[in-house]
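Remember, it's a predicted structure, so these values are computed and weren't measured experimentally.
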Amino acid sequence: MRRTSVLFAALGAAAAGLGLAWAWPFLAAQMAGGDATAATIALGKTLYAERCAACHGAKLEGQRDWKSPLPSGRMPAPPHDAAGHTWHHPDGVLFRITREGASAVVGGGYQSDMPGFGNVMSDDEIRAVLAFIKTTWPEQERQYQAEMTRREQGE
């Protein structure tokens with residue numbers, strides 16, 4: 001009887017391991033992108049490549065010297081990886097900047113080359129891009145950004 005129990009325990013552990021291995025990509029996407037699905041993150045990656053990478057870089061690296069003004073006086077496109085400051089902002093701010101453009105959100109006469117994408121992407125597409133960007137951040141940055149979002153929402 002003891003041998004049977006050990007066998008069933010081993011089979012159960014193997015089944016659990018296989019289940020976790022199968023579900024891991026989905027779980028990783030959930031952890032990194034909030035409640036975003038793997039399909040949403042994949043869509044966001046595609047849209048980022050089409051709409052954002054030309055300025056913010058294919059690897060989210062931003063433009064060179066992104067902290068120094070361009071000759072026009074405007075700021076270069078910042079990185080969206082952990083080296084940048086995107087993760088410092090709550091979801092609502094990131095959404096509005098993407099939808100309306102940086103100038104509209106910052107206000108006070110601030111001039112930016114960042115256009116609003118609300119006329120070329122749906123709100124769900126914008127959220128997908130942001131979910132993709134979040135998946136590239138290390139855990140510490142994701143936690144910080146999630147806390148900023150909780151504060152923004154008054155939780």
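A search for salt bridge (Lys or Arg N to Asp or Glu O under 4.0 Å) contacts involving Asp65 returns nothing, not counting sequence neighbours. For His88, the ring-ring contact (aromatic ring centres under 6.0 Å, His included) partners are Tyr144, not counting sequence neighbours. Annotation: salt bridge (Lys or Arg N to Asp or Glu O under 4.0 Å) contacts of Asp81 (sequence neighbours excluded): none. By the side chain to side chain donor-acceptor pair (under 3.5 Å) test, Glu152 pairs with no residue at all, sequence neighbours left out. Evaluation of the side chain to side chain contact (heavy atoms under 4.5 Å, CB included) rule for Asp124 yields Ser122, Arg127 as partners, not counting sequence neighbours. Contacts of Arg151 classified as salt bridge (Lys or Arg N to Asp or Glu O under 4.0 Å), with partners at least two apart in sequence or in another chain: Glu147. Applying the side chain to side chain donor-acceptor pair (under 3.5 Å) rule to Ser103 yields no partners; only residues at least two apart in sequence or on another chain are considered. With sequence neighbours left out, Ala82 forms a side chain to side chain contact (heavy atoms under 4.5 Å, CB included) with Pro138, Glu141. Residues passing the ring-ring contact (aromatic ring centres under 6.0 Å, His included) test with Phe117: none are found, sequence neighbours excluded.
Legend: salt bridge (Lys or Arg N to Asp or Glu O under 4.0 Å) pairs involving residues 87-100, not counting sequence neighbours, sorted by first then second residue: Asp91-Lys134, Arg96-Glu100, Arg99-Asp123. Listed by first and then second residue, the side-chain hydrogen bond (donor to acceptor under 3.5 Å, both in side chains) pairs that reach into residues 46-62 are His56-His80, sequence neighbours excluded.
A side-chain donor from one of Thr149 and Gln145 sits under 3.5 Å from a side-chain acceptor of the other.
A donor-acceptor pair under 3.5 Å links the side-chain atoms of Thr98 to the main chain of Leu94, judged by distance alone.
Closest approach of Phe132 and Ile41 over heavy atoms only: CB-O, 3.7 Å.
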Identify each donor-acceptor pair in which a side-chain atom of residues 106-115 lies under 3.5 Å from a protein atom, sequence neighbours left out, and give them as a table.
unit_1 : atom_1 : unit_2 : atom_2 : d
Gln111 : OE1    : Arg74  : NH2    : 3.0
Ser112 : OG     : Met114 : N      : 2.9
Asp113 : OD1    : Arg74  : NH1    : 2.9

